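Keep in mind the model is a prediction, meaning the values are calculated, not measured. No hydrogens, no waters, no symmetry mates; every other heavy atom, side chains included, goes into these values. Residue numbers count from 1 along this sequence.
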Amino acid sequence: MALDSPRLSFVLDQVATGKIQLPDFQREWKWDDERIKALIATVTLDYPLGVVMTLETGGEPQFKARTLTGAESAADQVPDLLLLDGQQRLTSLFQALRSGRPVETEDARGKKLRRWYYIDIDKAVDPNADRDDAIISVPEDRVLREDFARKVKLDLSTKELECAEGYFPLHLVFDNTRVNDWQKGFVKADDRNWDVWSEFGDRVLHNILSFQIPMIRLAHNTTKDAVCSVFERVNTGGVPLNVFELLTATYAGDRTYAQEFGDDYSLPKVWEDTKKRLCTEYPVFGRFENGVEDGLSNSDFLQAVSLVHSWELKQRGQAATVACKRRDLLRLPLADFRRLEPRVADAFAWVGDFLTRQCIVRSIDLPYRTQLIPLAAVRAILGERTDEPEVLARITQWYWCGMLGEMYGSATESRFPRDVEQLVAWHGTEDEIPDTIAEAAFIADRLNSLTSRSSAAYKGIYALIIKQGAVDWAHTEEPLTAAQIAEQNIDVRYIFPKSWFARHNPDDGRLYSIVNKTVLSSQANKSMTGSPSSYLKTLARSSGMRAEWFDDVVATHLIDPVTLHKERFDRFYEDRSERLLALVEEAMGKRVVRRGGAW
């Protein structure tokens, strides 16, 4: 790392010629008119501007580069430095002082503007004047208007008018020939301007021409992980940089790929195509029309690829661990990503089908999105072996243990690699059981606190209710299927309604427990008003069934119909809790933990 302080004029020349560019992961320049004026005032006073940070390229940038806004004519130049911190300041100064074109900015309300920047010479040389007041901006035609544009407040549309009004055009400041020419016009307008110009040169022009920019230069061999870390720290006021954006710039800058295919590699386009395919086939991954990041994210996909890649490296003795942390993703070569991307995409499609078989088909019903990452990696590694009955049974047990044991709520980056390695190596013996299965536990009392669909176990239990054969109370022809979940607007509904509790026991918190809820269509829910004994009669009549036959339909939800007919809530709650716990035990392949006490 080196630190120097080049002059502003030199830095802006480097921007103009493309020697200084931006890594493509930098977001767009966006400073407004007021901030630009304040920045210019700072420079004219020779006040400290703050350090900028750059990354040396060594002639071979790690990332795809792009010019700063306004310097697009230098886009073909290979940069010497990539600007990591200072984009807003340098772009503003380049456009206002060096580009020779009006600055494309915006006002405080976000309205687009094209402005030229001037300095009022009289105010600039007045020691009692505020320098901020001396800096003005005018529209592209250089005429400042007021009274809803009916009156001209200031006309600087010609050099003669500029000189007569005493406003120096700041975009000329680094062009000596044009500055000298403007000076001649200024003193010609009034002989007294000689002294004013001399003082202006000392107080303003000298400060701009000699202004220095403190610059940190990182060596070209600085790791991508370090670059990402540095960028996040120096851009604390902005949106955090993510790995996908950094890899996008890295892959787009891969010259080998560009030479072979004649174009840059577009990671966003590849991800968009993959995400669209997955969402179209399996809505559990999100709604593509809501944006590419709704549901399954690009970082989820990259982590799955990294798990597979690092697993392969470990098998070959080229890596010590299976991993998917940020630094591991940043070390993922483009060639390996391109090789693995279709495989992992197909693996996620398999995951979508697997979830459908578990009766989890909507993104809102997905317990843990994070758990899909190692699941997809295991499928990509094992391939069709995951369809073998024994292997599929083990994976299914692992999935339900991770969900109902609520193992994927935090610290997932360390669990991912363990689950991948342990699931791949698991051959069915007790000694090889993955940690997620061995450590998972469902406390029987947890049923009482499962009240919100934000809980993974809550979502898991109502998926199990569907999976074990629940029949809807309005569509009684067959058990619920994955396809009907969306078609019939299947959702969690109260069994003993709120209105019943309001009359009998308004303070009973068990109302909200998953025990007092089941999965039913919106059509069935419309009839479930009043007491259970009353709405069961209504539903039975609507179904055209005999009452005892309809009770059999009710029983498919692990409910004793007698407890509803007699409205014995305590008995209902105790009985259904035991049935749900048995369902949990079957899914997890292990006993629930009971701490004693009544429900």
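Aromatic ring orientation, Phe569 versus Phe572: tilted (interplanar angle from 30° to 60°).
In this structure, Asp24 pairs ionically with Arg66, as a charged nitrogen and a carboxylate oxygen lie closer than 4.0 Å. Taking a cutoff of 4.0 Å between a charged side-chain nitrogen and a carboxylate oxygen, Glu574 and Arg510 do not qualify as a salt bridge. Note on Arg568 versus Asp575: no salt bridge recorded, every NZ/NE/NH1/NH2 to OD/OE distance being 4.0 Å or above.
Other residues, nucleotides and ligands place no more than 12 heavy atoms under 6.0 Å from the CZ atom of Arg591. In this structure, Glu586 places its CD atom where only 12 or fewer heavy-atom neighbours from other residues, nucleotides or ligands lie under 6.0 Å away. Within 6.0 Å of CD on Glu548 lie more than 12 heavy atoms contributed by other residues, nucleotides or ligands. By the 6.0 Å contact criterion, NZ on Lys325 is open, its count of non-hydrogen atoms from other residues, nucleotides or ligands being 12 or less.
Between the side chain of Lys275 and the main chain of Asp294, a donor-acceptor pair closer than 3.5 Å is present. Using a distance-only test at 3.5 Å, with no hydrogens or angles considered, no donor-acceptor pair links the side chain of Arg576 to the main chain of Asn516.
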Inset, instruction - Show the numbers, then the answer: is there a salt bridge (charged side-chain N to carboxylate O under 4.0 Å, His left out) between Glu272 and Lys276? - result: CA-CA 6 Å; Glu272 181 180 347; Lys276 185 175 183 179; over 6 Å; no
Legend entry - Verdict with supporting geometry, Asp353 and Arg357, salt bridge (charged side-chain N to carboxylate O under 4.0 Å, His left out): CA-CA 6 Å; Asp353 183 68; Arg357 283 176 277 166; 3.2 Å; yes
Legend entry - Derivation and outcome, ring-ring contact (aromatic ring centres under 6.0 Å, His included), residues Phe354 and Tyr399: CA-CA 10 Å; Phe354 172 84; Tyr399 181 72; 5.5 Å; yes
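Among Leu464, Asp491, Ile466, Ile485, the single residue meeting the side-chain contact (heavy atoms from CB on, under 4.5 Å) criterion with Val519 is Ile466.
Under the 4.5 Å side-chain criterion, counting only non-hydrogen atoms from C-beta, Trp473 is in contact with His557. Within the 4.5 Å cutoff, the side chain of Lys314 has heavy atoms near those of the Glu421 side chain.
Under the 3.5 Å distance criterion, with hydrogens and angles disregarded, no donor-acceptor pair is assigned to the side chains of Asn525 and Tyr535. Of the N and O atoms on the side chains of Ser533 and His565, not one donor lies less than 3.5 Å from an acceptor on the other residue. Of the N and O atoms on the side chains of Lys517 and Tyr512, not one donor lies less than 3.5 Å from an acceptor on the other residue. Using modelled atom types, one finds a donor on one side chain and an acceptor on the other under 3.5 Å when comparing Arg379 with Thr386. Between Thr274 and Glu341, the side chains place a donor N or O and an acceptor N or O closer than 3.5 Å (distance only, hydrogens not considered). Side-chain contact, Thr436 with Asp419: a donor N or O sits under 3.5 Å from an acceptor N or O. For the residue pair Gln484/Asp472, the side-chain donor-acceptor check at 3.5 Å is not satisfied.
Checked against side chain to side chain donor-acceptor pair (under 3.5 Å), Asn505 has the following partners two or more places apart in sequence or in another chain: Asp508. For Trp271, the side chain to side chain donor-acceptor pair (under 3.5 Å) partners two or more places apart in sequence, or in a different chain, are Glu293. Every residue two or more places apart in sequence or in another chain that forms a side-chain contact (heavy atoms from CB on, under 4.5 Å) with Ile364 is listed here: Arg362, Arg453. Lys498 meets the side chain to side chain donor-acceptor pair (under 3.5 Å) test with no other residue; sequence neighbours excluded. Scored by the side chain to side chain donor-acceptor pair (under 3.5 Å) test, Glu289 finds Arg287 as partners (sequence neighbours excluded). Residues passing the side-chain contact (heavy atoms from CB on, under 4.5 Å) test with Ala380 are Val308, Arg343, Val344, Ala347, sequence neighbours excluded.
Centroid-to-centroid, the aromatic rings of Tyr573 and Phe496 stay 6.0 Å apart or farther. A ring-centre distance under 6.0 Å is not found for Tyr494 and Phe501. Two rings, from Tyr251 and Tyr257, have their centers 6.0 Å or more apart.
Shown here for Pro434 and Leu423, the closest heavy-atom pair between the two residues is CG-CD2, 4.1 Å. Residues Met528 and Leu539 share a closest heavy-atom pair of CG-CD1, 4.1 Å.
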